[in-house]
Amino acid sequence: MPVPVPRQRNAPVAETTPGGATGSDLTLLVIEDDPAGTLSVPELLDASGTRVRIRTARNLTEAERLLTDDVHCVLVDLALPGRTQGEELGALKHVLRLAPRHAVLALTASGDTELAAEAVRVGAQDHLVREELDARLLSRAVRYAVERKRADAAQVKLAESRLRAQENARLERGLLPTPLLEGSDLRFAARYRPGRSRALLGGDFYDTVRTPDGTVHAMIGDVCGHGPDEAALGVELRIAWRALTFAGLCGDELLSTLQRVLEHERESDEIFATLCTVDIAPDGRRAGLCLAGHPAPLIARHGRAAQLLPYEDGGPALGLLPRARWPRRQVELGGVWSLMMYTDGLIEGRQGPDTRQRLGQEGMLAMVNRQLAAGLEGESLLEAAVGEVREMNGGDLTDDVAVLLLSRHAKRG
């Protein structure tokens, strides 16, 4: 059926395009089969200043040739010939498959209300009635269809972005460690805050396991940087550490092997990682300590102020020196104690919002002693420590923060 030539009529009020597209030129491809009824004007100009250029195609084959990237909208006559029973929307569906990123309008007769509704349901942005078509209605419908398609595309991208964020969150959450301490009388607590916005995983990593001989092994480390690549490398190092620990490696042998893992997995020779490992004897009274460019742990023994464990004789960070060595120092823990391991994100925050002076290990030590004097321990101690560091810094810390606390309490009875 022919498409009538739009009748120009005055519009006293200037119309604005949704989304602020007023005055933008648009191109409309009209698909209908009667040359005598084809739109005879090359373009429309309405009161809003929007110019709609018109192309015409007599069939779908010709439309496919004319459907170039500069076309914004397609008007499909649902009365195109060649329809079969039950396939009144065949031409429209073909156009929707052919032009998934274009706005599409359906042209129907006045009595085809159900067909028009079905056209919108399958994907058209709107429908027009042939008998009511004029220049103002057509140009407005084209502009609205284009903006609606853009809004739909933006909504799809937003939904896809949210889905990816949820999948990433599940993935990152699954990569966080689950301590394996079954059979041990030690208590475990940890806090982890990545520096990346809206991330669950950063370049810091930690883990704790108990081997069959009763020894408890704990580790905390920090890959330089805090992006997704550093987070992935941290996970690789943590998993490698756990596997090597269960294989019986310890001290220098373990760290040398981890360095080889780092050297093979890092993207650049400039990437390095600091590491602190402790292995606590089955009786809980002694531990071996290895430091690879990492801050020394803090220990609080029963009835005494917290202090830093010895940090002399430590080795360099992993990845800096190809033939480095990491001596293992024996440390006496005592009967009742709490051992806090942490990354430098905890001590590199400022001492106050109005100063650039860093908290440092001594400032952290004083802070923890105040909290211990207030009776805090375990989860409460870590929560207070991380919260106070953030408060002193005047807001969120830019670096990743990981803190791990192992405690041994007096046995009852």
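All values below come from the heavy atoms of this structure, side chains included, with hydrogens, waters and symmetry mates left out.
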Exercise. How far apart are the C-alpha atoms of Trp337 and Ile280, what are their side-chain angles, what is the distance that settles it, and do they pass the side-chain contact (heavy atoms from CB on, under 4.5 Å) test?
Worked result: CA-CA 12 Å; Trp337 48 264; Ile280 302 170; 3.8 Å; yes

Using a cut-off of 6.0 Å, state whether more than 12 heavy atoms not belonging to [X] lie near its atom [atom1].
{"X": "Glu182", "atom1": "CD", "value": "no"}
{"X": "Asp283", "atom1": "CG", "value": "yes"}
{"X": "Gln155", "atom1": "CD", "value": "no"}
{"X": "Glu391", "atom1": "CD", "value": "no"}
{"X": "Tyr311", "atom1": "OH", "value": "no"}

Donor-acceptor pair, [X] side chain versus [Y] backbone, under 3.5 Å?
{"X": "Arg358", "Y": "Glu348", "result": "yes"}
{"X": "Arg329", "Y": "Gly288", "result": "no"}
{"X": "Glu132", "Y": "Leu137", "result": "no"}
{"X": "Lys149", "Y": "Pro100", "result": "yes"}
{"X": "Arg301", "Y": "Leu333", "result": "yes"}
{"X": "Thr355", "Y": "Gly352", "result": "no"}
{"X": "Ser338", "Y": "Ser407", "result": "no"}
{"X": "Trp326", "Y": "Pro316", "result": "yes"}
{"X": "Arg238", "Y": "Asp204", "result": "no"}

Work out which heavy atom in [X] is nearest to a heavy atom in [Y]; give both atom names and the distance.
{"X": "Val95", "Y": "Val76", "value": "CG2-CG2, 3.8 Å"}
{"X": "Leu262", "Y": "Ala273", "value": "CD2-N, 4.0 Å"}
{"X": "Leu26", "Y": "Arg143", "value": "CD1-CG, 3.6 Å"}
{"X": "Gln361", "Y": "Ala296", "value": "NE2-N, 3.6 Å"}
{"X": "Gln259", "Y": "Leu321", "value": "NE2-O, 2.8 Å"}
{"X": "Asp207", "Y": "Pro177", "value": "OD1-CB, 3.8 Å"}

For this session: Identify the residue among Leu186, Val278, Val216, Thr178 that makes a side chain to side chain contact (heavy atoms under 4.5 Å, CB included) with Thr208.
Result: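 One option only clears the test, and that one is Val216.
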
Exercise. Quick one: which of Val30, Val104, Thr56 gives a side chain to side chain contact (heavy atoms under 4.5 Å, CB included) with Leu75?
Worked result: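 When side chain to side chain contact (heavy atoms under 4.5 Å, CB included) is applied between Leu75 and each of Val30, Val104, Thr56, only Val30 qualifies.
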
Does a side-chain N-to-carboxylate-O contact under 4.0 Å join [X] and [Y]?
{"X": "Asp252", "Y": "Arg328", "result": "no"}
{"X": "Arg130", "Y": "Asp112", "result": "no"}
{"X": "Arg260", "Y": "Glu263", "result": "no"}
{"X": "Glu332", "Y": "Arg285", "result": "no"}
{"X": "Arg193", "Y": "Asp400", "result": "no"}

Within a strict 4.5 Å, meaning less than it, do heavy atoms of the [X] and [Y] side chains meet?
{"X": "Val389", "Y": "Leu397", "result": "yes"}
{"X": "Val142", "Y": "His72", "result": "no"}
{"X": "Arg210", "Y": "Thr215", "result": "no"}
{"X": "Val71", "Y": "Arg55", "result": "yes"}
{"X": "Trp241", "Y": "Glu236", "result": "no"}
{"X": "Asp25", "Y": "Arg53", "result": "yes"}
{"X": "Leu298", "Y": "Leu309", "result": "no"}
{"X": "Cys276", "Y": "Tyr342", "result": "no"}

Problem set entry | Candidate pair Arg191 and Glu383, rule salt bridge (charged side-chain N to carboxylate O under 4.0 Å, His left out), full reasoning | CA-CA 7 Å; Arg191 282 293 180 273; Glu383 189 67 29; 2.5 Å; yes

For this session: Could you give me the CA-CA distance, side-chain angles and deciding distance for Cys290 and Leu255, then say whether side-chain contact (heavy atoms from CB on, under 4.5 Å) is met?
Result: CA-CA 9 Å; Cys290 286; Leu255 292 178; 3.8 Å; yes

Distance in Å, [X] [atom1] paired with [Y] [atom2], rounded so as to fall on 0.5 Å steps:
{"X": "Arg148", "Y": "Asp126", "atom1": "CZ", "atom2": "CG", "result": "5.5 Å"}
{"X": "Glu64", "Y": "Leu29", "atom1": "CD", "atom2": "CG", "result": "11.5 Å"}
{"X": "Met392", "Y": "Met364", "atom1": "CE", "atom2": "CE", "result": "10.5 Å"}
{"X": "Arg370", "Y": "Leu365", "atom1": "CZ", "atom2": "CG", "result": "10.5 Å"}
{"X": "Arg65", "Y": "Asn59", "atom1": "CZ", "atom2": "CG", "result": "9.5 Å"}
{"X": "Met367", "Y": "Glu388", "atom1": "CE", "atom2": "CD", "result": "5.5 Å"}

For this session: Could you walk me through whether His217 and Thr211 pass the side-chain contact (heavy atoms from CB on, under 4.5 Å) test, one step at a time?
Result: CA-CA 8 Å; His217 303 260; Thr211 48; 3.3 Å; yes

For this session: Taking atom types as modelled, find out whether Thr274 and Asp222 have a side-chain donor-acceptor pair closer than 3.5 angstrom.
Result: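 No, no side-chain donor-acceptor contact under 3.5 Å.
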
Exercise. Which is it for Leu181 and Val209 under the side-chain contact (heavy atoms from CB on, under 4.5 Å) test, yes or no, and what are the steps along the way?
Worked result: CA-CA 6 Å; Leu181 290 173; Val209 298; over 6 Å; no

Exercise. Between Tyr206 and Tyr192, what is the ring plane arrangement, given parallel below 30°, perpendicular above 60°, and tilted in between?
Worked result: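 Taking Tyr192 first and then Tyr206, their aromatic rings sit tilted (interplane angle of 30° to 60°).
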
